Amino acid sequence: MRYPFKDIENKWQEYWNQHNVDKTNFSKIDNKLYCLVMFIYPSGAKLHCGHWYNYGPTDTWARFKKLNGFNVFEPMGYDAFGLPAENYAIKTGVHPYDSTIKNIEDIRLQLKKMGCMYDWNAELMTCVPDYYKWNQWLFIQLYKKGLAYRKNAPVNWCPDCNTVLANEQVLADGGCERCGTTVVRKNLTQWFFKITDYADELLVGLDKINWPEKTKTMQRNWIGKSFGTEVAFKVDKSHEEIKVFTTRPDTLFGVTYLVLAPEHPLVDKITTPEYQEAVEKYRDSIKSLSETDRTSTVKEKTGVPIGAYAINPVNSAKIPIWIADYALITYGTGAVMAVPAHDERDFEFASRFNLPIKKVILEPGTDENTPLTIAYTEIGTMINSSVFNGVMSDVGIDSVTDFLESRQLGERKINYRLRDWLISRQRYWGTPIPVIHCKDCGEVLVPESDLPVTLPYEVEFSSKGKSPLTSNPDFMNVKCPQCGKDAQRDPDTMDTFVDSSWYYFRYLNPAFSNGIFDAELGNNWTPVDMYVGGAEHATMHLLYARFIHKFLRDIGLAASDEPFRTLIHQGTITNQGAKMSKSKGNVINPDDYIVNTGADVFRLYLMFMGPYEMGGDWNDKGISGTERFVLRTYELFKQYTGILSDNTPPDKFNIVDLSEQEKLIYRKINQTINKFNTELASFRFNTAIAALMELINELSKHLSACRKELIAYSLERFAVMIAPLAPHLGEECWEIIGKRSSLFENPVWFEVDPLALTVDTVSIALQVNGKLRGTVDVPLDAPVDVVREKAYSLESFSKHVMDKSVVKEIFVANKILNIVVK
RNA sequence: GCGGCUGUGGCGUAAUUGGUAGCCGCGCCAGACUUAGGAUCUGGUGACGAGAGUCGUAAGGGUUCGAGUCCCUUCAGCCGCACCA
């Protein structure tokens, strides 16, 4: 390849750097555009193809916007805390701080070679006190509002990572999000952020943001809002009552037993002595099961009665109380009213344990005596339901609830599947929790003036199951800020998702020392206009960040309701069908490509592979195509070096003055700009590149036959379009034809000449009975008579019409003439 | 099990949104330049057929003058959810 990519790419990277081309002027806000990619998680390997696929095309979009006149801010940073660095330390003895800093240095060099217009003044990393101090500050503000609290609860414990995990970090198969090890349940006292307080707002806010529907659906399902009724059942021969949550109060008359979660606190109180042993045995038997095993729909339902009975508040029926693991302590009240006739799970359970099945909703077309083979869960007529007999069950939901509310037997209730965010981790490489535990004063916040609580360097990493920080007495032992007596620091660190919940604010001025971030800048520059990152964060980072954003708004630090206005997920690049990972040894190293073809070619190829949101399997067979394209472009421009010095192209040409070949070129240029604008605006890089390839094919055929002004006109526009895609090449081409300043320093974008978009002749498809029988070229908007006449004079067409009677004629101007014959 | 997305030449893909299927690129074939070509340029390239033509967008059916596009059934792949009462 004769294209000197190395020289050219170095040259422009140096130029951009020296002239501060990529630095954002934050004072100009009328045309601001904040373009963000999910920052890099450096605690393991270096940049791979997937990162490039995320960052390169997004930078192309940002550059396109910059050329279009936007004041673009595009930052990059490092999500630098986290388990991998610590696990690496356990394995090799290299301290997480050292390995992370080293890694970041390597990654920074790689990033700079990509030629993205990151504002390096804005670079940040989360593992330094300057940053995590504000995690601690945030924690304190949440605590003060009652939104950070500690409780003992059944939590997800990863035995391999030796730490608890948030619900969001447990995979569908019950594995740990980081290492895949099966997560077990443990009862532990842990710190939580009360995201559930924002459940409803997190739900309705989704309607206002431009995110992929799929992601919004996932968040909606994760939040899991359901409307229902809470009904109180008295326990027979006891003062206790059991509250159940149900979405089907219309089936209340059909309750034949009650189920408590095995962990339900009432179980110990109301189990009768003769059942105690069986209950304990049952509880033991399910202890070893993971949450996923317990909630698996394929597993046969298990449970035991506890000897106590409950009274149905609407008909005073005495019904047995059971415990069963299909009742979850973590959802609703931890108790279920079982209506086997109208709930599949209850039906299965009742059938297995010979519990009565009482029909209270009649399926249309059946009668009371029709036996049930499966639960009937649809709408029907209520029966065996006292005063509600004959009412349709969908109406009955409200009527029964009204009835219960009027007698104080129950009330309407909204339940969420979302649970509070467990943020403490029994790990070292994270933000220390700013709390001191005092024997007398209990949990005491570290005063804000004492922040940051600095993460000590010296710790023992392999202290299994205990927070590593406990191994450093200098860190752990402190005086209580309230009473001054000996006390101990909280030994846990925060989930790294806390770091990433507000980093987009900090980017605006990472050196800001008067607060978590510069709120004025924050108000001017957020929400983020475009956010690009992987879909795997749908119910983790992307949910947490929305929560924290709303909290920051509520304490007066943010003006908007949502952090990310538009969200796009890049597809996944796989290798031989498998996700690239270090452990599988199938990672494609982009560095090799940069050395062999240059950054421009590589990012062009990534964009050309296919639709951005689809991703695909890695295959470099086609890279020579983009290589050739770059070379052809470069050589075309070289042919016309300095053309602008003695030819000043006009803003537009008058089409009628142009020769046939000039018309062709003039139209093609304008059509391409037009197409390019719409394609690039919506991240369709592949089609934008295809349009430019078509253009260069056309240019290399006809450009030399054009007058100099039109050549200059065409090349100016071509350079501007190639620039966002291949920025070094774009700048170089811009310079070759004689432009004096950098394109990205003085952005330019050309208007389309609308007159050049219309053609004067169109090719019309001729069909007989829907089959193509030829085409004719006619003037634009030619009437049917003209087209018909031309069509019939065409033998390949007319021979299919001859000797047949015309039934119908369909004519769509400029498109098609279809004759239906018999 | 439920829900969603996807399925187009040898390959990656495109298709003005119901109107000439296969743009662009890879690969392949032929030619040009060349001491040489795994460089570059030009042309060709869905299948079958000598040709007229016929067939062709996972499979089958339907709506329509006309379907890759809309509807129904089935299959395959990917993703999400999975006892949430």
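Keep in mind that what you see is a predicted model, and the values were worked out from it rather than measured. Letters go in sequence order (proteins before strands), and every chain restarts at 1. Only this structure's heavy atoms are used, side chains among them; waters, hydrogens and symmetry mates stay out.
Between A:Glu613 atom CD and B:C79 atom P there is a gap of 17 Å when expressed in whole angstrom units. In this entry the distance linking CG of A:Asn697 with P of B:C41 reads 10 Å, nearest Å. Distance, A:Ile689 CD1 to B:C26 C1': 14 Å, rounded to whole Å.
The shortest distance between the side-chain N/O atoms of A:Lys214 and the OP1/OP2 oxygens of B:G4 is not below 4.0 Å. Distances shorter than 4.0 Å separate none of the side-chain N or O atoms of A:Asn619 from OP1 or OP2 on B:C26. Checking the phosphate oxygens (OP1, OP2) of B:C24, no side-chain nitrogen or oxygen of A:Arg632 falls inside 4.0 Å. Distances shown here put every side-chain N or O of A:Asn221 at or beyond 4.0 Å from the OP1 or OP2 atom of B:C2. When the side-chain nitrogen and oxygen atoms of A:Ser226 are compared with OP1 and OP2 of B:A85, one or more of them lie within a distance under 4.0 Å. Here A:Arg628 does not reach the OP1 or OP2 of B:G25: none of its side-chain N or O atoms lies under 4.0 Å away.
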Per-nucleotide protein contact string for nucleotides 47-57 of chain B (B base, S sugar-phosphate only, - none; heavy atom under 4.0 Å) = -----SSSS--

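To the nearest whole angstrom, the two C1' atoms, one in B:A58 and one in B:G68, are 12 Å apart. As rounded to the nearest Å, B:C55 and B:C70 have C1' atoms that lie 24 Å from one another.
Glycosidic torsion of B:U54 falls outside 90° of 0, placing the base in anti. Against the 90° criterion about 0, the sugar-base torsion of B:G9 places it in the syn range.
Within the nucleic acid shown, A:Thr775 comes within 4.0 Å of at least one base atom, counting heavy atoms only. Using a 4.0 Å heavy-atom distance criterion, A:Thr333 is classed as making no nucleic acid contact. Using a 4.0 Å heavy-atom distance criterion, A:Ser763 is classed as a base contact. Using a 4.0 Å heavy-atom distance criterion, A:Gln767 is classed as a base contact.
Test A:Asp346, A:Asp343, A:Asn312, A:Thr251 against A:Met337 for side-chain contact (heavy atoms from CB on, under 4.5 Å) and you get one pass: A:Thr251.
Nearest to the side chain of A:Leu631, among B:U40, B:C65, B:G25, sits B:U40. Counting only heavy atoms from C-beta on, A:Pro611 has its side chain closest to B:A14 among B:A14, B:C65, B:G19. For A:Asn686, taking side-chain heavy atoms from C-beta onward, the closest of the listed nucleotides B:A14, B:U40, B:C26 is B:A14. The nucleotide whose nearest atom lies closest to any side-chain atom of A:Met218 is, among B:G19, B:G80, B:C24, B:G80.
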request  = Report the secondary structure of RNA chain B in dot-bracket form, marking unpaired bases with a dot and bases paired to a different strand with |, and treating Watson-Crick or G-U pairs with both distances under 3.5 Å as paired.
outcome  = (((((((..(((......[....)))((((((.......))))))(((....)))..(((((..]....))))))))))))....

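With a 4.5 Å cut-off on side-chain heavy atoms, A:Phe629 and A:Phe608 do not count as touching. The shortest side-chain heavy-atom distance between A:Leu202 and A:Ile195 falls under the 4.5 Å cut-off. Annotation: side chain of A:Tyr331 is in contact with side chain of A:Ser226 (closest heavy-atom distance under 4.5 Å).
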